[in-house]
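Below, all heavy atoms of this structure are taken into account, side chains as well, without hydrogens, waters or symmetry copies. Each chain gets a letter, A, B and so on, in the order the sequences are listed, and its residues count up from 1. What you see is a predicted model; the values in this text were computed from it and never measured.
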There are 2 protein chains.
Amino acid sequence: MKLSTRARYAIRVLLDIAARRDEDRPIQLNDVAERTGISRRYLDQIVMPLKSAGLLIGTKGRHGGYQLAKAPEAIYLLDIVEATIGPVNLVECVQSPQTCERSDECPARLLYRLLSASMRTTLTDYTLKDLGTKDVLAQMKQKVEGLEAAL
Amino acid sequence: MKLSTRARYAIRVLLDIAARRDEDRPIQLNDVAERTGISRRYLDQIVMPLKSAGLLIGTKGRHGGYQLAKAPEAIYLLDIVEATIGPVNLVECVQSPQTCERSDECPARLLYRLLSASMRTTLTDYTLKDLGTKDVLAQMKQKVEGLEAAL
DNA sequence: GGCTTTTCTTAGTCCAAAGCTAGGGAAACC
DNA sequence: GGTTTCCCTAGCTTTGGACTAAGAAAAGCC
């Protein structure tokens with residue numbers, strides 16, 4: 001039940017590109033690779049679905065690279081994650097009830113729906129910009145520590 | 001990012017055993033296998049960690065089987081899940097910060113902590129009994145549909 | 001126009017973990 | 001003593017994740 005490294009890398013890459021957005025020119029993958037510590041070749045694969053999903057714009061040729069396709073405050077974390085690993089749900093039956101014949105009456109499925117839905121909700125509560133905004137992060141930390149303390 | 005079938009089976013098995021608790025005698029794995037559709041051999045493995053975790057009690061010999069070690073309202077879903085697949089967290093660094101050198105200042109880690117903590121919170125909000133209680137399930141359904149509608 | 005720099009696309013390798021099967025031991029009961 | 005059950009360890013098979021590699025295609029520069 002782990003989040004794949006691809007998804008985590010995708011977030012890391014977009015954070016890197018977003019942080020350099022003021023320079024207003026394409027960021028090259030070679031640079032991103034160096035800063036993030038992700039292999040250049042692997043980066044190609046991380047970036048591909050982000051481009052297909054309309055989160056990044058690629059420019060070829062000399063001085064080419066990648067730029068955000070939208071403002072960071074318009075990029076929800078759910079967009080990033082779902083672009084790289086597909087629909088967010090903990091069990092297949094959440095999305096496709098027909099994969100299990102008794103999904104109608106299954107109490108566990110309700111639980112899986114709840115878990116999945118609240119993950120998705122959290123991921124739409126925050127944007128790429130939020131992860132670079134001190135205030136939001138501080139407030140997020142409060143929330144986390146509250147939850148962790150209650151366990 | 002899927003919940004393993006072992007965890008789902010564990011919940012299914014405990015629901016099956018809990019549903020037959022009024023008979024007040026050990027439930028045999030052969031019967032459980034037949035009702036749940038889980039292979040008998042595999043069931044052995046599902047049940048083992050549940051016993052180690054103190055959720056089930058096994059009785060050997062003729063008319064042996066398994067019984068709940070506690071009342072269903074005392075068995076939290078988190079207990080079941082963590083007994084079978086270990087600590088619930090979406091990224092390793094949530095539990096072990098030292099696995100990533102920049103985990104102190106990593107904004108993404110905060111997100112992963114939040115996601116993990118809210119999963120754990122949800123799983124401690126409900127018990128084995130709740131999954132068999134109509135009222136609770138109805139109220140859960142309300143909650144899920146609210147969340148799903150907002151997405 | 002040709003050379004360089006970059007993105008872009010596809011294919012394939014490697015490894016770990018999940019999912020499941022199998023064999024036989026150990027206790028309890030009749 | 002034999003049957004029934006749990007109990008434990010070992011292994012097999014498949015899947016998916018993580019990553020590497022090779023080169024095509026496009027854009028810019030001289």
Side-chain angles (χ1 to χ4, degrees), chain A residues 1-13 17 25-34 36-69 81 83-87 89-92 99-100, chain B residues 1-13 16-17 25-34 36-69 81 83-87 90-92 99-100:
Chain A
M1 201 204 18
K2 290 282 185 286
L3 191 65
S4 70
T5 69
R6 293 174 82 102
R8 292 186 287 114
Y9 283 178
I11 294 176
R12 203 192 286 182
V13 166
I17 294 178
R25 52 186 172 80
I27 311 291
Q28 286 142 30
L29 285 191
N30 280 322
D31 295 358
V32 177
E34 200 168 337
T36 59
I38 305 171
S39 122
R40 173 56 228 274
R41 292 286 195 184
Y42 200 18
L43 262 186
D44 276 348
Q45 299 203 10
I46 307 295
V47 149
M48 202 187 322
L50 297 176
K51 197 192 141 217
S52 309
L55 303 181
L56 281 179
I57 291 177
T59 310
K60 294 183 183 178
R62 195 175 167 88
H63 301 125
Y66 286 95
Q67 283 171 295
L68 294 187
V81 173
T84 71
I85 62 168
N89 56 273
L90 278 185
V91 182
E92 198 50 41
T99 54
C100 177
Chain B
M1 199 204 18
K2 292 280 184 286
L3 191 66
S4 70
T5 70
R6 293 174 82 102
R8 293 187 286 114
Y9 282 180
I11 293 176
R12 200 191 288 183
V13 166
D16 184 89
I17 294 178
R25 51 186 172 81
I27 311 289
Q28 287 142 31
L29 285 191
N30 280 322
D31 295 359
V32 177
E34 201 167 336
T36 60
I38 305 171
S39 121
R40 173 55 227 275
R41 290 287 195 184
Y42 200 16
L43 262 186
D44 277 347
Q45 299 203 10
I46 307 295
V47 148
M48 205 185 320
L50 297 176
K51 195 191 144 218
S52 308
L55 303 181
L56 282 180
I57 291 174
T59 312
K60 294 183 182 176
R62 196 176 168 85
H63 301 126
Y66 286 97
Q67 283 171 295
L68 295 186
V81 174
T84 72
I85 63 169
L90 277 186
V91 182
E92 198 50 42
T99 55
C100 177

Quick one: [X] [atom1] to [N] [atom2], roughly how many Å, whole number?
X	N	atom1	atom2	result
B/Asp31	D/dT4	CG	P	14 Å
A/Tyr66	C/dT5	OH	P	18 Å
A/His63	C/dT4	NE2	C1'	11 Å
B/Ile27	D/dC6	CD1	P	11 Å
B/Ile46	C/dG19	CD1	P	9 Å
A/Arg62	D/dC30	CZ	P	7 Å
B/Arg40	D/dC6	CZ	C1'	7 Å
A/Gln28	C/dT4	CD	C1'	13 Å

Query raised in the report: Does B/Lys60 put a side-chain nitrogen or oxygen below 4.0 Å from OP1 or OP2 of D/dC7?
Result: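 Looking at the OP1 and OP2 atoms of D/dC7, neither is under 4.0 Å from any side-chain N or O of B/Lys60.
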Taking all atoms of both residues into account, what is the closest heavy-atom pair of [X] and [Y], and its distance?
X	Y	answer
B/Gln28	B/Gly64	CG-O, 3.0 Å
A/Ala10	A/Thr84	CB-CG2, 3.4 Å
B/Ala69	B/Gly54	CB-O, 3.3 Å
A/Ile38	A/Tyr9	CD1-CG, 3.6 Å
B/Met1	B/Leu90	CG-CD2, 4.0 Å

Query raised in the report: Any N or O donor-acceptor pair linking the side chain of A/Arg41 to the base of D/dA22 at under 3.5 Å?
Result: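 Under the 3.5 Å cut-off, the side chain and the base do form a donor-acceptor pair.
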Query raised in the report: Picking from A/Leu29, A/Val13, A/Ile57, what satisfies side-chain contact (heavy atoms from CB on, under 4.5 Å) with A/Tyr66?
Result: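 Among A/Leu29, A/Val13, A/Ile57, the one that satisfies the side-chain contact (heavy atoms from CB on, under 4.5 Å) with A/Tyr66 is A/Leu29.
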Query raised in the report: Axis-to-axis angle across the helix from C/dG1-D/dC30 to C/dC30-D/dG1, five pairs an end, to 10 degrees?
Result: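 Here the local axes at opposite ends form an angle of 0°.
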Query raised in the report: Any donor-acceptor pair under 3.5 Å linking the side chain of B/Lys2 with the backbone of A/Asn89?
Result: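 Judged by distance alone, yes, a pair lies under 3.5 Å.
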What's touching nucleotides 10-19 of chain D from the protein side, N or O pairs under 3.5 Å?
unit_1: D/dA10; atom_1: N6; unit_2: B/Gln45; atom_2: NE2; d: 2.9
unit_1: D/dA18; atom_1: OP1; unit_2: A/Thr5; atom_2: N; d: 3.0
unit_1: D/dA18; atom_1: OP1; unit_2: A/Thr5; atom_2: OG1; d: 3.2
unit_1: D/dA18; atom_1: OP2; unit_2: A/Thr5; atom_2: N; d: 3.2
unit_1: D/dA18; atom_1: OP2; unit_2: A/Thr5; atom_2: OG1; d: 3.3
unit_1: D/dA18; atom_1: O5'; unit_2: A/Thr5; atom_2: OG1; d: 3.4

Report summary line: Comparing nearest nucleotides in DNA chain C, the 5'-proximal residue of the pair A/Asp44, A/Gly61 is A/Gly61
Query - Comparing A/Met48 and A/Thr59 on DNA chain C - which has the more 5′ nearest nucleotide - result: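 Here A/Thr59 is the residue nearer the 5' end.
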Query raised in the report: Salt bridge between A/Asp44 and A/Arg40, side-chain N to carboxylate O under 4.0 Å?
Result: yes
**Report entry** Trace of the side-chain contact (heavy atoms from CB on, under 4.5 Å) decision for A/Leu68 with A/Leu55
**Finding:** CA-CA 6 Å; A/Leu68 294 187; A/Leu55 303 181; over 6 Å; no
